[in-house]
Amino acid sequence: MFMRYFVRHMSAMAGPKPVVLTGPSGAGKSTLLKKLMKEFDNVFGFSVSHTTRNPRPGEANGRDYHYVTREAMQSGIDSGDFIEHAEFSGNMYGTSKAAVQAVQARNLICILDIDMQGVRSIKKTDLNPIYISIQPPSMEVLEERLRERKTESEENLLKRLNAAHVDMKFSQEPGLFDAVIVNDNLEDAYEQLKSSLIEEINNVKKVTMSS
Ligand code: ADP
Ligand code: 5GP
């Protein structure tokens, strides 16, 4: 009896499980994530990563990323401020401890949008998230979408497509992901994403309603 109470109490204190969203650049992670955060206001919180890349039009510092210099980022890494960090397509990216703590302090489901190197690093920590891979229907469609997005130089686009090849293989490793979702039709992919997370969503809603 006591143990059951203790376990329940402890897990409530630990807060909701975080979610790691990963997959090739252009697969649709940001699109799906924005939809989720819009529908479930006050359920999810985004872990704002640091990056050395330049902001895209429409992105805001502190909301989409913390845009920093290589020197500032390296100094933060050396001070132990980051849970994980990686080099992707010529730039540094990383999740700070503060970014995750800021979301967890609000008792929200913390969403990390990270690449596969980040996934490998997070697997070695005690964060214990739900791992979801978002994949494009094919390399051809991925290239079309990336070109259509018009955010990358040709050189950068090719780097991202190269990384995508590796990522698509990575997503097939057995046992790595709780769900692998192919984002062909956006609405279908969104429904699959929601159903992978529905238990956690309902838990957060229950806690919010009872407090
Ligand atoms: P990521 O965050 O994984 O890099 P984005 O969310 O930016 O990818 O999506 C890449 C591009 O593809 C965007 O221009 C987006 O509007 C578009 N897109 C996303 N999902 C779909 C879909 N299911 N069908 C068609 N276009 C899509
Ligand atoms: P983009 O430049 O398109 O925003 O992101 C490029 C890649 O970096 C994406 O695959 C994205 O998931 C990944 N990414 C963004 N933030 C982080 C981070 O904090 N850590 C890691 N490892 N990857 C990240």
Side-chain angles (χ1 to χ4, degrees), residues 7-25 27-51 62-66 73 76-77 80-86 88 92-135 167 170-171 173-181 183 189-211:
V7 169
R8 195 160 3 114
H9 194 62
M10 283 306 287
S11 64
M13 282 202 310
K17 243 177 186 282
V19 173
V20 162
L21 262 197
T22 192
S25 168
K29 300 179 297 295
S30 316
T31 306
L32 287 163
L33 198 146
K34 283 188 182 128
K35 248 171 115 61
L36 199 64
M37 296 192 62
K38 196 169 163 201
E39 178 173 348
F40 298 99
D41 193 23
N42 270 322
V43 171
F44 293 97
F46 184 54
S47 158
V48 182
S49 293
H50 284 61
T51 185
R63 185 192 65 193
D64 299 285
Y65 281 107
H66 299 289
M73 181 111 188
I77 292 166
D81 298 345
F82 284 82
I83 302 174
E84 63 77 34
H85 60 90
F88 181 90
M92 292 169 88
Y93 294 82
T95 309
S96 70
K97 292 175 183 166
V100 172
Q101 278 161 6
V103 177
Q104 290 187 327
R106 294 166 61 211
N107 257 310
L108 302 177
I109 301 174
C110 180
I111 303 201
L112 286 75
D113 173 346
I114 58 175
D115 83 326
M116 59 191 175
Q117 304 167 73
V119 172
R120 291 218 191 270
S121 305
I122 293 288
K123 291 251 169 191
K124 294 180 193 139
T125 70
D126 59 4
L127 195 69
N128 196 26
I130 298 170
Y131 291 95
I132 298 185
S133 170
I134 307 294
Q135 291 293 320
D167 192 300
F170 177 67
S171 74
E173 268 186 43
L176 261 188
F177 293 101
D178 296 293
V180 178
I181 298 170
N183 177 21
Y190 182 60
E191 287 309 313
Q192 287 177 53
L193 178 61
K194 259 200 307 195
S195 73
S196 311
L197 302 176
I198 201 66
E199 212 175 300
E200 280 302 312
I201 293 172
N202 287 338
N203 283 342
V204 171
K205 281 186 176 167
K206 247 183 262 159
V207 172
T208 315
M209 279 193 304
S210 67
S211 60

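- Other residues, nucleotides and ligands contribute only 12 or fewer heavy atoms inside 6.0 Å of the CD atom of Glu199.
- Judged purely by atom type and a 3.5 angstrom limit, Gln104 has no side-chain atom pairing as donor or acceptor with the backbone of Cys110.
- Nearest heavy atom pair, residue Leu197 against residue Leu36, reads CD1-CD2, 3.8 Å.
- Side-chain N or O atoms of Thr22 include one that pairs as donor or acceptor with a backbone N or O of Ile114 at under 3.5 Å.
- Using cut-offs of 30° and 60° for the angle between ring planes, the Phe88 and Tyr93 rings count as perpendicular.
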Discussion item. Walk me through whether Gln135 and Asp167 qualify under side-chain hydrogen bond (donor to acceptor under 3.5 Å, both in side chains).
Written reply: CA-CA 9 Å; Gln135 291 293 320; Asp167 192 300; 3.0 Å; yes
Practice prompt. Given ring pair (Phe, Tyr, Trp, His ring centres under 6.0 Å), test Phe177 with Phe170 step by step and report yes or no.
Written response: CA-CA 10 Å; Phe177 293 101; Phe170 177 67; 5.8 Å; yes
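- Across every non-hydrogen atom of Ala27 and Ile134, the tightest pair is CB-O, 3.4 Å.
- The shortest heavy-atom contact between Val20 and Pro129 is CG2-CG, 3.7 Å.
- The cationic group of Lys123 lies under 6.0 Å from the six-membered ring centre of Tyr131 and within 45° of the ring axis, placing it in a cation-pi geometry.
- Of all the heavy atoms in Leu112 and Thr95, the pair that sits closest is CD2-CG2, 3.9 Å.
- For Asn183 (side chain) and Ala189 (main-chain N/O), no donor-acceptor pair under 3.5 Å exists by modelled atom type.
- At distances below 3.5 Å, not a single donor-acceptor pair connects side-chain atoms of Ser96 with backbone N or O atoms of Phe82.
- Under the 3.5 Å distance criterion, the side-chain polar atoms of Lys97 are matched with a main-chain donor or acceptor of Gly80.
- Contact record, Phe40 with Lys194: CE1-CD, 3.5 Å, taken as the closest heavy-atom pair.
- A donor-acceptor pair under 3.5 Å is absent between the side-chain atoms of Lys29 and the main chain of Leu21, judged by distance alone.
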